[in-house]
Amino acid sequence: MLLHSAGKEVNEENLSKVLEAAGIGVEDARVKALTASLDGVDIEDVIASAAAAPAAAAPAAAPAEEGGAEEEEAAEEEEEEEVSEEEVEEGLGALFG
């Protein structure tokens, strides 16, 4: 996100520079894996969906009304999205040890 905010391309070279500047040991395999996992990802969309996720979770916590089959389906879809986001975070976290 730092590279994206600075308007720089997210690539192996730039990621390595940022990690080195932060005093983090750089492993080429992890940088390559991170770069590959971000290939084709629209960071603006990810940021927008992350900002909207807490707002979307609040109505799901409200008690269900009668005939709430649609609400139940929406809650299941949100749960599926949360799991996939958690998996992504775990995967990215593993890259940095």
Side-chain angles (χ1 to χ4, degrees):
M1 289 185 51
L2 180 64
L3 288 171
H4 176 74
S5 295
K8 303 290 183 180
E9 182 180 354
V10 179
N11 58 32
E12 291 177 35
E13 180 182 355
N14 290 340
L15 284 170
S16 294
K17 287 179 184 179
V18 169
L19 294 172
E20 287 173 2
I24 300 171
V26 178
E27 293 181 32
D28 288 337
R30 287 187 175 189
V31 172
K32 286 182 182 187
L34 177 59
T35 304
S37 70
L38 294 173
D39 186 38
V41 174
D42 185 346
I43 295 174
E44 288 295 326
D45 285 345
V46 173
I47 292 170
S49 67
E65 298 176 14
E66 290 182 36
E70 292 176 10
E71 291 177 12
E72 186 175 318
E73 288 178 23
E76 288 176 10
E77 288 177 14
E78 283 185 30
E79 185 175 319
E80 288 175 13
E81 289 177 13
E82 288 175 12
V83 171
S84 64
E85 288 175 12
E86 290 171 4
E87 291 172 350
V88 169
E89 289 172 6
E90 288 174 11
L92 292 175
L95 290 172
F96 296 103

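At least one side-chain heavy atom of Met1 sits under 4.5 Å from a side-chain heavy atom of Ile47. Put simply, the side chain of Leu15 reaches to within 4.5 Å of the side chain of Val10, judged on heavy atoms. Looking only at side-chain heavy atoms (C-beta outward), Lys8 and Val18 stay at 4.5 Å or farther from each other.
Put simply, Val46 and Leu2 are part of two different groups of oily side chains (I, L, V, M, F, W, Y) that touch within less than 4.5 Å, one to the next.
Taking the side-chain contact (heavy atoms from CB on, under 4.5 Å) definition, one finds that Glu27 meets it with Arg30, sequence neighbours left out.
Between Ser37 and Val41, the closest heavy-atom pair is O-CG2, 3.6 Å. Asn14 approaches Glu9 most closely through the heavy-atom pair ND2-O, 2.7 Å.
Taken to the nearest 0.5 Å, the CG atom of Leu38 stands 10.0 Å off from the CG atom of Leu3.
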